[in-house]
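Hydrogens, waters and symmetry mates play no part in the numbers below; they use all other heavy atoms, side chains included. Chain letters run A, B, ... following the sequence lines, proteins first, then strands; residues in each count from 1.
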Amino acid sequence: MQESRENSKNSKSPIDDLISQRRQKMKELREKGVDPYPNGFDATHCISDILKKGRELEGKAVSAHGRIMSMRKMGKASFIHIQDMTGRVQAYLKRDDVGSENYMIFKLLDIGDFVGLSGKMFYTKTGELTIHVESLLPLAKSLRPLPEKWHGLKDVETRYRQRYVDLIVNEDVKEVFRLRSGIVQAIRKFLDEKDYLEVETPMMQSIAGGATAKPFITHHESLDMDLYLRIAPELYLKRLVVGGIEKVYEINRNFRNEGISTKHNPEFTMLEVYNAYTDYTSMMELCESLFNFITKELLGKPEVQSREKTINLKTPWPRVSLYDILKEKTGKDFSEVDGRDDMAKLADSLGVKYSEDNGEHKIMEHIFDKFVQPTLVDPVFIVDYPAKHSPLAKPKKDNPKIAQRFELFINGQEIANAYSELNDPIQQRAKMEEQMKDRELKKEGGVVDDDYIRALEYGMPPCSGLGIGVDRLVMLFTGSASIRDVILFPQMKKESD
RNA sequence: GCGCCAUUAGCUCAAUCGGUAGAGCAACUGCCUCUUAAGCAGAAGGUUGUGGGUUCGAUUCCCUCAUGGCGUACCA
């Protein structure tokens, strides 16, 4: 005790003063025989319930619990607002009604404390539904002051690092994550009703396959082996299709050891769906009906608002060939391009930057990103991607240079990626080996997934697969500009002292 | 990785030409039994992100570092 007093004397800062004031009140509560951290409190209503019932509850006894968000003390009577997960309601405490001992206890409470209240509902002179408190029970003492009641918490860094504070004081933040939960729930409901089986496949993989991205590496001690956090679940889900799970999906985290931006978090949530005996065109239909379902369940109309644009989600969505739209937006014919150098020349003529180790396809992507992607506001399926850079996709029968693949763009963002899955084990091995050469160039390492090829050798039915970035989907539906606004605890650097 | 910007009280924000930091909310002490951004009176709260430099004097100018934001690059 003495020691800590000395410490606080040495490192005395204003916030420490505020905390010790509250600790002092906590001590005084204990001295009055009040446990500052009791077990629980039975409420008759949640707050939204009370607000919803309104007049119906007038004069009736209720009890509710929540966090004190504001206090207006007027000597021997006070008004406070308490907030629970569902809303905020006013309460009125009068000394003569709660008793002077209870009122003393109340005076030891602070904004931020949790409290259980019982009393009869009434309307104040100004017409606000209010609990006329007859008894109160402190439920948990808060030792740190909350941000300002009017301006809330604005500092972005604190909002992300201390999301709990953000959630307490910024109601719209809670709304975003409610909607996120609703979207994920809707996806599950939609797929479950269509008899898809939800599964969980390994997060730790000995080969990081299914996409090209730098993985996170970890190590298993007793097996003495390196493992990768998955960059995609794709190869495992298709193993399940081999195993006879013909309709399967997974909603789970992927991990990519790459740059962080408003559109990239190292761990992000991915939906992958596979449906046997269908091709990629059926995934377009699935995409459309999934969006219809989500908008119907959550929005009521097929429209979302981005910063200034209204995005019309009404289906069906156009299907546009990659080369057609490139030609439309740049005036150049990309189907004529022959090789990496030719593509580089084209990029130069369009003033698009690229780096020396970018391949032909990568350069084309840069051109697409600059000239086409920002113009794709309403949903559009871009089709006819080059087969060479879609190693897990089945090529078109009439043109093996083109993959049976589409990407869905909305509001200038890639939302989904899908293809007819390549199920020819010989071709698949050849493509993986081909890809390894590229990887060697990039010094990224990687091996052919022999077990995956073995699975294909047992036979995988014709099959289509779809991947949707759930975080970006939520960004779209919530009008969020940054992925950090739809991830509760986004990745941050270590906090400095 | 690079560029630009930001960092001041627990929170939200001020501070003129470089002259030694102010307010509101919260907290504290009084008063106040229908308030709601309650009110009134009083008092308190700061190593101006970090470390250096220039200067008689730095929140202010210069450099380093840290963290964050935006842009850009990377990312099938």
Side-chain angles (χ1 to χ4, degrees), chain A residues 11-22 24-25 69-81 88-98 103 110-112 122-128 130 132 142-162 165 168-169 210-215 231-232 256-264 266 268 353-355 357-362 364-366 368-370 385-393 403 405 407 414 417 419 435 438-439 442 444 467 481-482 484 490 492-497:
Chain A
S11 62
K12 203 177 180 186
S13 74
I15 181 66
D16 291 333
D17 283 348
L18 292 173
I19 289 172
S20 56
Q21 274 171 17
R22 288 181 175 223
Q24 178 59 32
K25 290 182 188 173
M69 294 305 291
S70 66
M71 293 179 124
R72 289 171 296 282
K73 297 186 183 176
M74 303 164 299
K76 296 173 193 68
S78 300
F79 285 93
I80 65 175
H81 274 98
R88 200 179 271 209
V89 70
Q90 183 170 254
Y92 178 53
L93 290 99
K94 198 152 71 159
R95 193 192 63 182
D96 294 348
D97 295 331
V98 296
Y103 203 72
D110 285 294
I111 291 173
F122 78 109
Y123 282 87
T124 60
K125 265 194 235 167
T126 49
E128 182 168 350
T130 302
H132 194 136
S142 163
L143 295 180
R144 286 178 183 271
L146 287 176
E148 208 224 348
K149 61 184 170 189
W150 194 241
H151 299 93
L153 177 64
K154 286 188 173 170
D155 183 74
V156 192
E157 186 176 350
T158 312
R159 288 189 43 226
Y160 295 151
R161 285 193 195 280
Q162 300 179 239
V165 180
I168 292 167
V169 298
T212 304
K214 204 186 282 176
I231 55 174
R256 296 189 182 176
N257 202 344
E258 281 158 6
I260 295 177
S261 77
T262 50
K263 293 177 176 56
H264 301 263
F268 61 99
K353 283 179 287 177
Y354 55 92
S355 68
D357 49 353
N358 285 158
E360 177 183 346
H361 182 70
K362 191 77 224 171
M364 187 171 75
E365 258 187 28
H366 285 314
F368 182 86
D369 289 352
K370 184 165 173 188
Y385 283 82
K388 205 176 159 193
H389 297 94
S390 313
L392 299 167
R405 173 181 180 184
E407 289 191 357
E414 182 195 331
N417 180 18
Y419 29 85
Q435 224 214 341
D438 286 350
R439 283 198 183 185
K442 286 186 189 169
E444 273 198 16
S482 169
R484 282 171 222 123
M492 304 286 274
K493 283 194 191 176
K494 231 187 280 172
E495 209 170 342
S496 57
D497 297 322

Enquirer: For A:Lys154, is there any backbone N or O sitting under 3.5 Å from a side-chain donor or acceptor partner on A:Thr158?
Expert: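 No.
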Enquirer: Rounding to an integer number of angstrom, what distance separates B:G57 and B:G3 when you compare their P atoms?
Expert: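 Taking atom P in both B:G57 and B:G3, they lie 32 Å apart.
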Enquirer: Under a 3.5 Å cut-off for both distances, is B:G57 Watson-Crick or wobble paired, and to whom?
Expert: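 In the structure as shown, B:G57 has no Watson-Crick or wobble partner.
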Enquirer: On RNA chain B, compare the nucleotides closest to A:Ala77 and A:Val156; which residue's is nearer the 5' end?
Expert: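 The answer here is A:Ala77.
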Enquirer: Report yes if the distance between the aromatic ring centroids of A:Tyr354 and A:His366 is under 6.0 Å, otherwise no.
Expert: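 No, the ring of A:Tyr354 stays outside the 6.0 Å limit from the ring of A:His366, centre to centre.
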Enquirer: Compare the minimum distances between each of B:C75, B:C70, B:C11 and the side chain of A:Ser482, then state the nucleotide with the smallest one.
Expert: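 Ranking B:C75, B:C70, B:C11 by closest atom to the A:Ser482 side chain puts B:C70 first.
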Enquirer: Base, sugar-phosphate or nothing for A:Arg88? Non-hydrogen atoms, less than 4.0 Å.
Expert: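 Answer is nothing: A:Arg88 stays at 4.0 Å or more from every strand.
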Enquirer: Return the nucleotide paired to B:A23: Watson-Crick means purine N1 to pyrimidine N3 with N6-O4 or O6-N4, wobble means G-U with N1-O2 and O6-N3, both under 3.5 Å.
Expert: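 The base-pairing partner of B:A23, which may sit in any strand shown, is B:U12.
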Enquirer: Figure out the CG/P separation between A:Leu146 and B:G24, and round it to whole Å.
Expert: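 In whole Å, B:G24 P and A:Leu146 CG are 21 Å from each other.
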Enquirer: Within the structure shown, what part of the strands sits under 4.0 Å from A:Tyr385 by heavy-atom distance: base, sugar-phosphate, or nothing?
Expert: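 No contact.
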Enquirer: Among B:A26, B:U33, B:U35, which nucleotide has an atom closest to any side-chain atom of A:Thr124?
Expert: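 Taking heavy atoms from C-beta onward, the closest nucleotide is B:U35.
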Enquirer: Does A:Asp155 reach a base, just sugar-phosphate, or nothing at all? Heavy atoms under 4.0 Å.
Expert: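 It contacts sugar-phosphate atoms only.
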Enquirer: For B:C17, does the glycosidic angle fall within 90° of 0 (syn) or outside that (anti)?
Expert: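 Syn, angle within 90° of zero.
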Enquirer: Give the nucleotide from the list B:U67, B:C25, B:A26 with an atom nearest to the side chain of A:Glu148.
Expert: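 So the side chain of A:Glu148 is nearest to B:C25.
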Enquirer: Between B:C11 atom P and A:Met69 atom CE, what is the distance in whole Å?
Expert: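 Going from A:Met69 (CE) to B:C11 (P), I get 16 Å.
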Enquirer: Once you measure the plane-to-plane angle for A:Tyr92 and A:His132, does it fall in the parallel (<30°), tilted (30-60°) or perpendicular (>60°) bin?
Expert: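 Judged by the thresholds at 30° and 60°, the geometry between A:Tyr92 and A:His132 is perpendicular.
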Enquirer: Pick base, sugar-phosphate or nothing for A:Arg484, based on heavy-atom distances below 4.0 Å to the nucleic acid.
Expert: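 Result for A:Arg484 = sugar-phosphate.
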Enquirer: Nearest to the side chain of A:Leu18, heavy atoms from C-beta on, is which of B:A26, B:C34, B:C74?
Expert: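 Output: B:A26.
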Enquirer: Determine the Euclidean distance between corresponding P atoms of B:U29 and B:G68; express it in Å to zero decimal places.
Expert: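 That atom pair is separated by 38 Å.
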Enquirer: Would you state whether a donor and an acceptor, one from the side chain of A:Gln90 and one from the base of B:U35, lie under 3.5 Å apart?
Expert: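 Indeed, a donor on one side and an acceptor on the other fall under 3.5 Å apart.
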Enquirer: Give one of base, sugar-phosphate or nothing for A:His132, where a contact means two heavy atoms less than 4.0 Å apart.
Expert: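 The answer is nothing, as A:His132 stays clear of every strand by at least 4.0 Å.
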Enquirer: Which part of the nucleic acid does A:Tyr103 contact within heavy-atom distance under 4.0 Å: base, sugar-phosphate only, or nothing?
Expert: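 Answer is nothing: A:Tyr103 stays at 4.0 Å or more from every strand.
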Enquirer: Which part of the nucleic acid does A:Lys388 contact within heavy-atom distance under 4.0 Å: base, sugar-phosphate only, or nothing?
Expert: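 Since no nucleic acid heavy atom lies under 4.0 Å of A:Lys388, the category is nothing.
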Enquirer: Go ahead and name the base partner of B:C2; Watson-Crick or wobble counts if both distances stay under 3.5 Å, otherwise write none.
Expert: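 Across all strands, the one nucleotide that pairs with B:C2 is B:G71.
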Enquirer: Sort out the partner of B:G42 for me: Watson-Crick or G-U wobble, both distances under 3.5 Å, none otherwise.
Expert: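 Check on B:G42: paired to B:C28, both distances under 3.5 Å.
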Enquirer: Roughly, in whole Å, what's the span from NE2 in A:His151 to C1' in B:G10?
Expert: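 Taking atom C1' of B:G10 as the reference, NE2 of A:His151 is at 16 Å.
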Enquirer: Could you tell me whether A:Lys154 contacts a base, only the sugar-phosphate backbone, or nothing, with contacts defined as non-hydrogen atoms closer than 4.0 Å?
Expert: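 Since only primed, P, OP1 and OP2 atoms lie under 4.0 Å of A:Lys154, the category is sugar-phosphate.
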Enquirer: Does A:Lys76 pair with A:Asp96 as a salt bridge, N-O distance under 4.0 Å?
Expert: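 Answer for the salt bridge query: no.
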Enquirer: With sugar-phosphate meaning primed atoms plus P, OP1 and OP2, does A:Thr130 contact a base, only sugar-phosphate, or nothing at under 4.0 Å between heavy atoms?
Expert: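 Nothing: the residue A:Thr130, judged by heavy atoms under 4.0 Å, touches no strand.
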Enquirer: Evaluate whether atom NZ of A:Lys388 has more than 12 neighbouring non-hydrogen atoms of other residues, nucleotides or ligands under 6.0 angstrom away.
Expert: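 Counting other residues, nucleotides and ligands, NZ of A:Lys388 stays at 12 neighbours or fewer.
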Enquirer: Could you tell me whether A:Glu407 and A:Arg405 have a side-chain N and a carboxylate O separated by less than 4.0 Å?
Expert: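 Salt bridge present between A:Glu407 and A:Arg405.
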Enquirer: Indicate whether any N or O donor in one side chain lies under 3.5 Å from an N or O acceptor in the other, for A:Gln162 and A:Arg144.
Expert: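 Distance-only check fails for A:Gln162 and A:Arg144.
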Enquirer: In terms of side-chain heavy atoms of A:Lys94, which of B:U33, B:C75, B:C11 is nearest?
Expert: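 Taking heavy atoms from C-beta onward, the closest nucleotide is B:U33.
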Enquirer: Look at all strands and tell whether A:Ile15 reaches a base, only sugar-phosphate, or nothing, counting heavy atoms closer than 4.0 Å.
Expert: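 Sugar-phosphate, no base atom in range.
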Enquirer: Just call it for A:Lys493: base, sugar-phosphate, or nothing, with non-hydrogen atoms closer than 4.0 Å on any strand.
Expert: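 Sugar-phosphate, no base atom in range.
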